[in-house]
Amino acid sequence: MPSRGARPEDGSGLVPTDNSTQHKEDLSSKIKEQKIVVDELSNLKKNRKVYRQQQNSDIFFLADRTEMLSESKNTLDELRKEYQEIENSEKTKIKK
């Protein structure tokens, strides 16, 4: 029991912390995936074809490489922003 009193920085609720930690880890892995997608698309030669997979399907459609690259960069920025918001909210919880 003394270990609980020795760590006030752990937070009051374990369930929300575990949930936010899991969400943070998921975001981190999605960010890594998206970085790879952006790198791969930016290193493609101009004459290469890019295909987009239809959601919930095994069907692929021809897509514009530059459009896919810009969409991937936007997605990466959104993921980074969400990750940063989670980190900032955790920092404010620790300060309180």
Side-chain angles (χ1 to χ4, degrees):
M1 294 295 168
S3 63
R4 283 187 182 173
R7 295 184 186 192
E9 69 273 5
D10 284 348
S12 59
L14 292 177
V15 176
T17 304
D18 290 343
N19 191 18
S20 65
T21 303
Q22 181 62 37
H23 183 63
K24 192 174 171 181
E25 289 173 2
D26 290 345
L27 273 176
S28 180
S29 84
K30 286 180 183 179
I31 288 171
K32 288 178 185 176
E33 286 178 20
Q34 203 62 33
K35 281 181 181 178
I36 292 169
V37 169
V38 169
D39 285 343
E40 291 291 333
L41 285 171
S42 24
N43 288 327
L44 278 179
K45 293 180 181 177
K46 301 287 184 200
N47 61 350
R48 293 292 185 183
K49 294 185 180 185
V50 176
Y51 294 87
R52 169 182 282 185
Q53 184 175 10
Q54 195 70 7
Q55 281 186 335
N56 301 323
S57 174
D58 291 333
I59 301 172
F60 292 84
F61 292 99
L62 187 62
D64 183 44
R65 185 186 65 83
T66 54
E67 186 178 309
M68 290 294 296
L69 180 59
S70 67
E71 285 179 23
S72 297
K73 285 181 179 179
N74 288 339
T75 304
L76 179 59
D77 290 341
E78 290 171 9
L79 289 171
R80 284 179 173 162
K81 182 179 177 184
E82 188 177 347
Y83 186 83
Q84 191 63 39
E85 287 173 356
I86 290 174
E87 282 203 331
N88 289 343
S89 68
E90 286 178 353
K91 287 178 184 177
T92 57
K93 285 179 186 178
I94 291 172
K95 289 180 181 178
K96 290 181 180 179

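Note: hydrogens, waters and symmetry copies are ignored here, and every other heavy atom, side chains too, is used. None of the values given here were measured: they were computed from a predicted structure. Just so you know, residue 1 is the first one in the sequence shown, and it goes up from there.
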| Members other than Ile86 in its cluster, when Ile, Leu, Val, Met, Phe, Trp, Tyr link by side-chain heavy atoms under 4.5 Å? | Leu27, Ile31, Val37, Val38, Leu41, Leu44, Val50, Met68, Leu69, Leu76, Leu79, Tyr83

| Other than Phe60, what residues sit in its cluster of Ile, Leu, Val, Met, Phe, Trp and Tyr side chains whose heavy atoms are under 4.5 Å apart, directly or through others? | Tyr51, Leu62

| said: Restricting to salt bridge (charged side-chain N to carboxylate O under 4.0 Å, His left out), what partner residues turn up for Arg80, sequence neighbours left out? | reply: none

| task | Name all residues meeting the salt bridge (charged side-chain N to carboxylate O under 4.0 Å, His left out) criterion together with Lys24; count only those two or more places apart in sequence or in a different chain, and write none if there are none. | result | Glu87, Glu90

| field | Close side-chain approach of Lys32 to Ser28, heavy-atom, < 4.5 Å | value | yes

| Atom OG in Ser89, atom CD in Glu85: separation rounded to 0.5 Å? | 8.5 Å

| said: So, taking the atom named CG in Asn88 and the one named NZ in Lys81, what distance separates them when rounded to the nearest 0.5 Å? | reply: 12.0 Å

| message | Tell me whether Glu40 at atom CD has more than 12 heavy atoms from other residues, nucleotides or ligands lying less than 6.0 Å away. | response | no

| Gln55: partners by side-chain contact (heavy atoms from CB on, under 4.5 Å), with sequence neighbours left out | none

| query | Taking only residues at least two apart or on different chains, which pairs with a member in residues 51-78 satisfy salt bridge (Lys or Arg N to Asp or Glu O under 4.0 Å)? | reply | Arg52-Glu71

